[in-house]
Amino acid sequence: MDGVQELQPEMTAVNDGETPDSNKGYLFSVDDKLQLPKLVHYKWWLRVTCYTLFVLSGQSAATLLGRLYYDKGGNSKWMATFVQSAGFPILLPLLFFVSPSANSSLATKPKLSTFSLLYLAFGILLTGDNLMYSYGLLYLPVSTYSLLCATQLAFNAAFSFFLNSQKFTALIFNSLVLLTTSASLLAVNADSENPSGISKSKYAIGFVFTVAASATFSLYLSLVQLSFEKVIKSETFSAVLDMQIYPSFVATCGCVVGLFASGEWRSLKNEMQEYEEGRISYLMTLIWTAITWQISSVGMLGLIFEVSSLFSNVISTLASPVVPILAVIFFHDKMDGVKIIAMLMAIWGLLSYTYQHYLDDAKSKANSATANEVAGSQLEMC
């Protein structure tokens, strides 16, 4: 799908991926070779912007709604885990409006058994990851939880280095150090916090589970990118939807099993009746939590498809400084000096990562422009 494929002596065409990477070409003729690459580039940025908004709005809203569920009387860890994946049916109608491109249909597709094993493995991984996030959100203030989730960027850098051939630079190393230090400050500050009467042992469990969940999710993102490149080999939005829907279905089934195996299903009726805001609010909280998690997940998978898992994680961590501020407003979380310093360090680490991507993108566009000029010169000579 990459590269330039000759259609006629005076015209070239490539896939519909439209990324500005140096290994991607553009549809152009001798007369319009300067115009259409810009149009294609703008379309790519428009998609990336939309996916970014999905991630930021979805993740922030889902995190706050998850905390609201616990604060108002919810106590089921498996129900909190269930809603993180159970919203996938809202994506099913999209499958009828998108289809693989003509170029992708020419590629050799993996066997059905390969897809099944892939989606099953990712679904099981998501089940465990979502459960750890549920424990973290239960035992930690939402501001601390959100800042700890920023450590997934550091884990993702390590996994991307080994699995996705991501280069390490001084800016990336600086970001990793800052994010690690930020998380360490929160760990040291644990003695000064006693969120909602939570014991120190439960606080420690929430802390460890949140960091472990961040590491697991980073591994998931890197494996998804590797699967797109090595197994699925289909750069279409339908492939992104499949990667979201089928693992989410497996994860949801896993949560149902956990809900019944743990016996938590017996307390759900009383939990709904005793919910402080009423039954309707209980149901709406769970429904909108499920919807917002799906919006965030589609955005992250879209960014993996358009850019990389590392960039997807960078955008995800943008919510880290946003959620603590919202938590102070809506949940009256404490924002002491140590937590403020940790948040500033997380922002600094994020900016380092973002600037490194900006440099990589500028280099990629320069290489792409050079390649198009060479191709245009060759067509003019013909």
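Positions are given from 1 along the sequence. Atoms considered below: every heavy atom in the structure, side chains included; atoms not considered: hydrogens, waters and symmetry mates. On a predicted model such as this, the values are computed, not experimentally measured, just so you know.
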Distance in Å, [X] [atom1] paired with [Y] [atom2], rounded so as to fall on 0.5 Å steps:
| X | Y | atom1 | atom2 | answer |
| --- | --- | --- | --- | --- |
| Gln84 | Thr127 | CD | OG1 | 10.0 Å |
| Lys230 | Leu223 | NZ | CG | 13.5 Å |
| Phe162 | Ser222 | CZ | OG | 11.5 Å |
| Leu241 | Ser248 | CG | OG | 11.0 Å |
| Lys111 | Ser116 | NZ | OG | 12.5 Å |
| Trp265 | Ser76 | CH2 | OG | 12.5 Å |

Checklist entry - Taking the six-membered ring for Trp, are Tyr139 and Tyr135 parallel (under 30°), tilted (30 to 60°) or perpendicular (over 60°)? => result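 The arrangement is tilted - the two ring planes meet at 30° to 60°.
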Checklist entry - Using the ring of each side chain (for Trp, its six-membered ring), is Tyr282 parallel, tilted or perpendicular to Tyr275, with breaks at 30° and 60°? => result perpendicular
Between the main-chain N or O of [Y] and the side-chain N or O of [X], is there a donor-acceptor pair closer than 3.5 Å?
| X | Y | answer |
| --- | --- | --- |
| Ser60 | Ser57 | no |
| Arg67 | Leu137 | yes |
| Ser267 | Glu264 | yes |
| Glu306 | Arg47 | no |
| Thr49 | Trp45 | yes |

Where is the tightest heavy-atom contact between [X] and [Y], given as atom of each residue plus distance?
| X | Y | value |
| --- | --- | --- |
| Leu91 | Gln244 | CD1-CG, 3.5 Å |
| Ile232 | Ala239 | CG2-CB, 4.3 Å |
| Ser85 | Asn130 | CB-ND2, 4.3 Å |
| Gly66 | Thr289 | N-OG1, 4.3 Å |
| Leu171 | Ser352 | O-CB, 3.6 Å |
| Ser218 | Phe155 | OG-CB, 3.6 Å |

Is any side-chain heavy atom of [X] less than 4.5 Å from a side-chain heavy atom of [Y]?
| X | Y | result |
| --- | --- | --- |
| Pro141 | Tyr203 | yes |
| Thr285 | Glu277 | no |
| Tyr70 | Lys77 | yes |
| Tyr246 | Leu118 | no |
| Phe115 | Asp242 | no |
| Pro89 | Leu92 | yes |
| Phe122 | Val250 | no |
| Trp44 | Val48 | yes |

Honestly curious: do [X] and [Y] fall in one hydrophobic cluster under the side-chain, below-4.5 Å linking rule?
| X | Y | answer |
| --- | --- | --- |
| Leu303 | Leu226 | no |
| Leu125 | Val256 | yes |
| Ile90 | Tyr51 | yes |
| Trp288 | Leu283 | yes |
| Tyr133 | Phe159 | yes |

Next on the checklist: Would you say CD1 of Ile280 has more than 12 non-hydrogen atoms from neighbouring residues, nucleotides or ligands within 6.0 angstrom?
Outcome noted: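 12 or below, so no.
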Checklist entry - Should Tyr69 and Glu271 be marked as a side-chain hydrogen bond (donor to acceptor under 3.5 Å, both in side chains) after you check the CA-CA gap, both sets of side-chain angles, and the distance that decides it? => result CA-CA 11 Å; Tyr69 165 75; Glu271 181 177 283; 2.5 Å; yes
Next on the checklist: side-chain contact (heavy atoms from CB on, under 4.5 Å) for Leu64 and Leu68? Distances and angles first, verdict last.
Outcome noted: CA-CA 6 Å; Leu64 294 176; Leu68 181 66; over 6 Å; no
Next on the checklist: Quick check on the 6.0 Å ring-centre criterion: do Tyr220 and Phe217 meet it?
Outcome noted: yes
Item to check | Chi angles and distances behind the side-chain contact (heavy atoms from CB on, under 4.5 Å) call for Phe209, Leu131 | outcome: CA-CA 9 Å; Phe209 275 8; Leu131 182 61; over 6 Å; no
